[in-house]
Amino acid sequence: MTNYMIGIDIGTTSTKSVLFTEQGEVVTTSTQEYPLYTPAPDVAEQDPDEIVQAAISSVRGVMTQSGISANHVLFVSCSSAMHSVIAMDQNDHPLTRCITWADNRSAAWSTKLQENGVGHQIYLRTGTPIHPMSPLTKLMWLRHDEPELFERTAKFISIKEYLFFRLFGQYIVDHSIASCTGLLNLEQLDWDQEALDIAGITPNHLSKLVPTTYTIEGMHPEWAEKMVLSPSTPFVIGASDGVLSNLGVNAIKPGIVAATIGTSGAIRTVVDRPVTDPKGRTFCYALTEKLWVVGGPVNNGGMLFRWVRDEFAASEVETAKRLGINSYDVLTKIAERVPPGSEGLLFHPYLSGERAPLWNPDARGSFFGLTLHHKKEHMIRAVLEGVIFNLYTVLLAMEEQIGQPTSIQATGGFARSPLWRQMMSDIFNQEVVVPESFESSCLGAVVLGLYATGRIKSLEDVSSMIGTTHRHTPVKENASLYQELLPIYIRISRKLEEEYADIAAFQRKMSTLHI
């Protein structure tokens with residue numbers, strides 16, 4: 001009898017469920033999309049009930065597509081995006097939408113916390129950089145700018161906590177999601193009192209802390225029926241999407257770095273103790289009680305390729321539709337006409353502010369070096385290169401703490417593009433390996449589930465489940481050219497800090513006038 005596992009990954013614009021065999025082979029997937037509500041430049045919210053419905057529908061999708069019996073599902077394990085906040089009232093109803101990592105309304109409080117020096121000390125203990133993405137700064141904003149709502153709030157929870165509450169009626173939070181809040185002391189794996197005081201809350205406002213291997217049963221029968229599961233199906237609480245992606249690509253040994261570009265992006269490596277950066281540029285989040293993930297997230301990843309498609313390439317999209325091919329493949333072919341370096345055109349991809357390495361919500365995107373010689377294809381390639389350049393600057397910050405990596409494991413939607421993969425190898429000047437499965441967070445979730453349920457003795461057993469689809473080595477001439485451009489790229493973003501602040505303030509003013 002074949003047994004199966006389901007991994008759920010709650011993302012920014014969609015939730016995906018993947019059905020795996022016990023050996024880690026993908027049987028089927030189901031994805032449910034939902035909107036990200038951005039009514040103003042600094043606002044980025046989700047409807048929590050839309051996400052619950054997406055999770056239910058995606059699980060139902062893999063169950064009905066596969067036709068398997070609920071009795072053959074060993075467990076469901078969960079991955080989730082980080083840094084979300086939902087205010088719940090005393091009757092367990094949401095007072096707010098889900099405020100996501102991309103929401104910048106707490107920018108002023110983030111700046112204040114950075115400037116007074118207290119923020120850096122909290123970062124060193126909690127591993128979450130001081131930035132508007134952080135739930136700590138979101139709580140400060142709610143406390144001071146929305147005091148009536150803040151006073152009515154009984155619990156502050158993340159989107160995964162909301163899902164588990166709806167399914168099981170319990171407020172629980174795993175160490176991994178908790179370690180992304182700026183409120184958890186990494187060494188103690190307990191709430192940090194000074195951070196709580198600054199946020200204006202007590203532990204009673206937060207969910208019960210549990211390990212990432214925590215397993216719960218007894219789902220409400222109506223939800224079980226909708227998912228075609230048994231109420232007794234075990235759910236493993238799992239971890240955050242970033243740390244599970246490392247596990248899902250087998251980047252859990254020293255020196256192996258995982259680079260992910262989905263809607264946003266990140267670069268991460270696993271360490272055996274909490275490690276923070278004296279300059280505050282990297283994060284440190286929990287994978288298990290003995291493993292930690294150090295790295296940096298970027299706001300601007302694959303969403304910029306979509307922006308290029310939607311804003312620059314209407315005719316190419318129509319051509320792709322007529323030919324029945326993927327529009328991104330068409331754009332990639334256009335970018336391939338241009339040599340590496342885009343003939344001196346640089347793109348800074350800060351269209352939604354930036355987290356690592358700048359940690360500046362006011363950062364803004366720009367093309368630099370434009371001449372009459374540059375055409376649309378140069379701009380397309382420069383955007384793709386700019387995303388990788390930005391990710392590489394995060395790796396440079398990480399190397400000060402962990403040393404130079406031995407290999408890069410690449411995953412995310414970008415890994416489907418041969419051009420983008422080779423760009424990463426050339427810009428990083430490293431071998432880039434693409435694992436067989438693109439479903440890294442879901443695979444990481446089920447591997448953690450196997451470990452939690454005692455079916456494997458070590459997380460390193462994931463290596464037997466992962467093959468290699470692509471392997472890229474740097475082209476020497478390209479790597480040399482990119483190394484020449486990189487210092488220029490870095491200097492520009494450092495020199496424009498004041499201009500970023502001024503233009504962001506102007507944009508906010510204009511936005512207010514047009515509301």
Side-chain angles (χ1 to χ4, degrees), residues 8 10 15 37 44-56 78-101 103 105-106 109 122 126 128 132-185 188-212 214 216 218-220 223 235 237-240 285-286:
I8 301 176
I10 302 169
T15 286
Y37 296 97
E45 298 177 328
Q46 301 162 324
D47 183 321
D49 288 312
E50 286 181 346
I51 294 177
V52 170
Q53 291 301 324
I56 302 302
C78 297
S79 163
S80 172
M82 298 173 270
H83 311 303
S84 58
V85 172
I86 305 167
M88 303 288 289
D89 69 16
Q90 60 183 1
N91 297 314
D92 302 316
H93 297 138
L95 293 169
T96 63
R97 284 176 171 166
C98 177
I99 305 169
T100 71
W101 60 268
D103 193 285
R105 282 174 288 180
S106 64
W109 293 102
I122 291 176
T126 67
T128 302
M133 73 171 187
S134 169
L136 168 60
T137 67
K138 289 177 169 65
L139 293 178
M140 293 175 67
W141 168 70
L142 286 169
R143 178 187 183 185
H144 295 283
D145 291 41
E146 300 286 344
E148 291 183 13
L149 185 150
F150 188 85
E151 286 300 319
R152 291 166 54 206
T153 302
K155 292 281 185 185
F156 293 101
I157 63 174
S158 71
I159 188 58
K160 196 207 290 189
E161 292 163 73
Y162 186 73
L163 175 63
F164 270 77
F165 177 77
R166 293 295 302 275
L167 296 183
F168 296 96
Q170 295 184 32
Y171 285 114
I172 51 176
V173 60
D174 61 84
H175 287 145
S176 181
I177 289 294
S179 69
C180 311
T181 62
L183 302 168
L184 187 80
N185 187 297
Q188 299 171 4
L189 283 180
D190 200 358
W191 302 118
D192 186 272
Q193 189 58 53
E194 185 178 16
L196 295 185
D197 291 343
I198 287 173
I201 61 173
T202 70
N204 291 333
H205 286 99
L206 302 170
S207 297
K208 175 186 174 184
L209 286 165
V210 296
T212 57
Y214 184 81
I216 186 171
M219 183 171 28
H220 293 312
W223 293 120
F235 270 64
I237 193 167
S240 64
Y285 302 143

List the steps and the verdict of side chain to side chain contact (heavy atoms under 4.5 Å, CB included) for Leu139 and Thr137. CA-CA 5 Å; Leu139 293 178; Thr137 67; over 6 Å; no
Run the side chain to side chain contact (heavy atoms under 4.5 Å, CB included) check on Trp101 and Met82 step by step: do they pass? CA-CA 7 Å; Trp101 60 268; Met82 298 173 270; 6.0 Å; no
Starting at CD of Glu146, measure out to CG of Leu95 and round the result to the nearest 0.5 Å. 11.0 Å
Do Ser176 and Thr212 have side-chain N/O donor and acceptor atoms under 3.5 Å apart? no
CG/Leu183 to CD/Gln193 distance, rounded to the nearest 0.5 angstrom? 11.0 Å
Please report the interatomic distance NE2(His93) to CE(Met88), rounded to the nearest 0.5 Å. 8.0 Å
Strictly below 4.0 Å, N to O, side chains only: are Glu45 and Arg105 in salt-bridge contact? yes
Closer than 3.5 angstrom, by distance alone: can the side chain of Thr96 be matched with the main-chain N or O of Ala87 as a donor-acceptor pair? yes
Angle class for the His144/Trp109 ring planes (parallel below 30°, perpendicular above 60°, tilted otherwise)? parallel
Counting C-beta onward and ignoring hydrogens, is there a side-chain heavy-atom pair between Ile8 and Thr15 closer than 4.5 Å? yes
Glu161 side-chain N/O to Ser158 backbone N/O, donor-acceptor pair under 3.5 Å: yes
The reported gap from CZ in Arg97 to OH in Tyr37 (rounded to nearest 0.5 angstrom) is 5.5 Å
Where do Ile177 and Ser80 come nearest, in terms of heavy atoms and distance? CD1-O, 4.2 Å
Taking the side chain as C-beta and beyond, is there a heavy-atom pair between Phe165 and Ile172 under 4.5 Å? no
With heavy-atom distances below 4.5 Å as the criterion, would you say the side chains of Ile237 and Asp174 are in contact? yes
Nearest heavy-atom neighbours spanning Pro94 and Tyr162: CG-OH, 3.5 Å
Ser84 (side chain) donor-acceptor with Ile159 (main chain) under 3.5 angstrom: yes
Flag, side chain of Ser179 to backbone of Ala286, donor-acceptor distance under 3.5 Å: yes
When you compare the side chain of Asp145 with that of Phe150, does any pair of heavy atoms fall below 4.5 Å? no
So, do Ile99 and Trp141 sit near enough that their side-chain heavy atoms are less than 4.5 Å apart? yes
How far apart are the closest heavy atoms of Cys78 and Phe164, and which atoms are they? SG-CE1, 3.7 Å
Any donor-acceptor N/O pair, Asp192 side chain to Asn185 backbone, under 3.5 Å: no
Counting only N and O atoms by type, is there a donor-acceptor contact under 3.5 Å from the side chain of His83 to the main-chain atoms of Thr100? no
Between Gly182 and Thr128, the two heavy atoms sitting closest are N-OG1, 3.2 Å
Would a distance-only check, ignoring hydrogens and angles, find a side-chain to backbone donor-acceptor pair under 3.5 Å from Lys208 to Gln170? no
At their closest point, which heavy atom of Ala199 faces which heavy atom of Arg143, and how far apart are they? O-CD, 3.6 Å
Rounded at 0.5 Å granularity, tell me how far CD in Gln53 sits from CZ in Arg166. 7.5 Å
Any side-chain heavy-atom pair from Pro203 and Leu196 closer than 4.5 angstrom? yes
Check the pair Val210, His175 against side chain to side chain contact (heavy atoms under 4.5 Å, CB included), reporting the backbone distance first and the verdict last. CA-CA 6 Å; Val210 296; His175 287 145; over 6 Å; no
Beyond-backbone contact of Trp191 with Thr181, side-chain heavy atoms, under 4.5 angstrom: yes
Less than 4.5 Å apart, any side-chain heavy atom of Val173 and any of Leu206? no
Counting only N and O atoms by type, is there a donor-acceptor contact under 3.5 Å from the side chain of Lys138 to the main-chain atoms of Ile86? no
Quick one: does any side-chain atom of Thr153 pair with a main-chain N or O of Leu149 as donor and acceptor, under 3.5 Å? yes
Indicate yes or no: does Asp89 engage Lys155 in a salt bridge with an N to O separation below 4.0 Å. no
In this structure, SG of Cys98 is separated from CG of Asp47 (nearest 0.5 Å) by 9.5 Å
Parallel, tilted or perpendicular: which fits the ring planes of Phe156 and His205, with parallel below 30° and perpendicular above 60°? tilted
Run the numbers on Leu189 and Leu209 for side chain to side chain contact (heavy atoms under 4.5 Å, CB included), then give the verdict. CA-CA 9 Å; Leu189 283 180; Leu209 286 165; over 6 Å; no
